[in-house]
Undergrad: 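Next up is a structure, given as structure tokens.
Because only heavy atoms are used, hydrogens play no part in the values below, and waters and symmetry mates are left out as well, while side chains stay in.
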Protein chains: 2
Amino acid sequence: MRHKGKTNPPGRIRIMKSLSDLMAEKDFHSITTAEIARNAEVTEGLIYKYFRDKKDLLYQVLKEHFEAFQKKIETRVNETGSCVGKLDIIIYTSLESYAANRVFSKILLLEVRNSLDFFKSCAYEMVQTYSRTILNIIRQGIDTGELKPGTDPVVLRKVILGAIEHACLGEIIFGRELDIDRVSREISSIIFQGVKA
Amino acid sequence: MRHKGKTNPPGRIRIMKSLSDLMAEKDFHSITTAEIARNAEVTEGLIYKYFRDKKDLLYQVLKEHFEAFQKKIETRVNETGSCVGKLDIIIYTSLESYAANRVFSKILLLEVRNSLDFFKSCAYEMVQTYSRTILNIIRQGIDTGELKPGTDPVVLRKVILGAIEHACLGEIIFGRELDIDRVSREISSIIFQGVKA
DNA sequence: CTTGTAAGTAAGTATTACTCACCATGTGGT
DNA sequence: ACCACATGGTGAGTAATACTTACTTACAAG
């Protein structure tokens, strides 16, 4: 019989912590269930009491992280009224968050995408929330006339999200440094002012 | 003893074709070597005669697709002299290529990234070539004054690549339709003219 | 006191990527 | 002609891994 999710027993917490820790060292695929269990000081079987499978465990760990991230975004965004300012903040905060938390960034940008399961998971719901936040700000900006009328909000969001993610890729993959201030300013400038002379 | 790569025997071709076909149906991780072999009508052992491991096979399949793509980009780009025009073409051709070849796109955008091995593979070399092509065009555009002076070429490239990739994600993952003409025009407009009113 | 259920265990099992020893067929050198 | 040897291919392994199942213990409510 599987767990119903009504309580949060110590074993479950230890397992999630264990995976979270192990991910700092190596990538998800090369972490074994045996290792997770050993590290959490529980038996392998217990993992499957609380999680459908290894991926499900990953998604739940990810979800926790996203919730914290989303909260930070929302409080910061409310510090300004301007739409362009809000988007600036999102770009900056996202880069900052990716840089400060490489483990999760690596998982999000490189690891989870390979399975369609992710896009049905609770973790992906958090991504959608984040994504929707951006879309709402854009729509608002078009309404208030801050952004060019006729701009396609969905495409603009894609450009913003794509820019953010791609900007971090080099750092995540090769461990390169990222000048958050400069790069986020540059991205904002390109998207808001354009690059054509 | 492993294969030296001097010839291209039928078994090898069948194996690559087999994986390529299977990828249209499911994701790489859930395709088994047994399945690949059965589908190619060879034995499992033969796979390891021609490929170091399962991933190596994947990379070689990817590389083949990428070579064709790169050729198309290069001939089209040379049809115009303007830098903005060249970048327009790259955006359009990339979207078109992603849309026309979903299997290849799925591998590139979702599957290969999860392993650091990819970034040392022959397939990644093709990505770098593509990436460098864009960078050179941008640099040229700044020199000729077509693009704003002071633009960071590397960041601009990140924005362009990110926009292209993110634009295709929805289609690849959820099988949604993509209006290539409209979206590529919109991306170009955002990046070149900006969105600030 | 009993009944039910949640927490946790221990010993599997099926599957999977990968290996290795072997066979068959040409092909070139002496 | 005969040997050496590389190439193309086989099939029966093996170790490791994700996941299962049957079980025990603890304990709270009625």
Undergrad: Enumerate the residue pairs fulfilling ring pair (Phe, Tyr, Trp, His ring centres under 6.0 Å) with a member in residues 129-176 of chain A, sequence neighbours excluded, ordered by first and then second residue.
TA: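 Pairs touching residues 129-176 of chain A that pass the test: F69(A)-Y130(A), F174(A)-F119(B).
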
Undergrad: Nearest heavy-atom pair of V42(B) and G11(B): which atoms, and what distance?
TA: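 Residues V42(B) and G11(B), closest heavy atoms: CG1-CA, 4.4 Å.
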
Undergrad: Identify each atom pair where a protein N or O and an N or O of nucleotides 25-28 of chain C are less than 3.5 Å apart, giving names and distance.
TA:
none

Undergrad: In this structure, how many angstroms lie between the P atom of dT20(D) and the NZ atom of K54(A), rounded?
TA: 14 Å

Undergrad: Do L22(A) and I13(A) belong together in a cluster built from hydrophobic side chains that touch within less than 4.5 Å?
TA: no

Undergrad: Distance check: side-chain N/O of Y48(A) vs OP1/OP2 of dC19(D), anything under 4.0 Å?
TA: yes

Undergrad: Is it true that R14(A) and E41(A) make a salt bridge, defined as a side-chain N closer than 4.0 Å to a carboxylate O?
TA: yes

Undergrad: Send over the distance from F51(B) CZ to dG9(D) P, rounded to a whole Å.
TA: 12 Å

Undergrad: Out of K71(A), Q70(A), R76(A), which residue meets the side-chain hydrogen bond (donor to acceptor under 3.5 Å, both in side chains) rule with E74(A)?
TA: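 Option passing the side-chain hydrogen bond (donor to acceptor under 3.5 Å, both in side chains) with E74(A): Q70(A).
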
Undergrad: Taking the basic N atoms (NZ, or NE/NH1/NH2) and the acidic carboxylate oxygens, is any pair closer than 4.0 Å for K63(B) and E67(B)?
TA: yes

Undergrad: When you measure from every atom of DNA chain C, which of residues 29-47 of chain B have a heavy atom less than 4.0 Å away?
TA: I31(B), T32(B), T33(B), E44(B), G45(B)

Undergrad: Could R113(B) and E165(B) be called an ion pair, given the rule that one side-chain N must be under 4.0 Å from one carboxylate O?
TA: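 Counted as a salt bridge, because a side-chain N and a carboxylate O are separated by less than 4.0 Å.
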
Undergrad: From CD1 of I15(B) over to C1' of dC18(C), roughly how many Å is that when rounded to an integer?
TA: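 Rounded to the whole Å, the gap is 14 Å.
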
Undergrad: Does F28(A) have K54(A) sitting over its ring (NZ/CZ under 6.0 Å from centre, angle to axis within 45°)?
TA: yes

Undergrad: According to the interplanar angle, ranging from 0 to 90°, do the rings of Y59(A) and F118(A) count as parallel (below 30°), tilted (30 to 60°) or perpendicular (above 60°)?
TA: tilted

Undergrad: Could you tell me how far apart F28(B) (CZ) and dT16(C) (P) are, to the nearest whole angstrom?
TA: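 Interatomic distance, CZ of F28(B) to P of dT16(C): 14 Å.
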
Undergrad: Which listed nucleotide (dC18(C), dG9(D), dG8(C)) is nearest to the side chain of P10(B)?
TA: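 For P10(B), the side-chain atoms sit closest to dG9(D).
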
Undergrad: Counting just side-chain N and O atoms, does Y50(A) come under 4.0 Å of either OP1 or OP2 of dG8(C)?
TA: yes

Undergrad: Check this for me: does the side-chain of K49(B) come within 3.5 Å of the base of dG9(D) through a donor and an acceptor?
TA: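 Present.
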
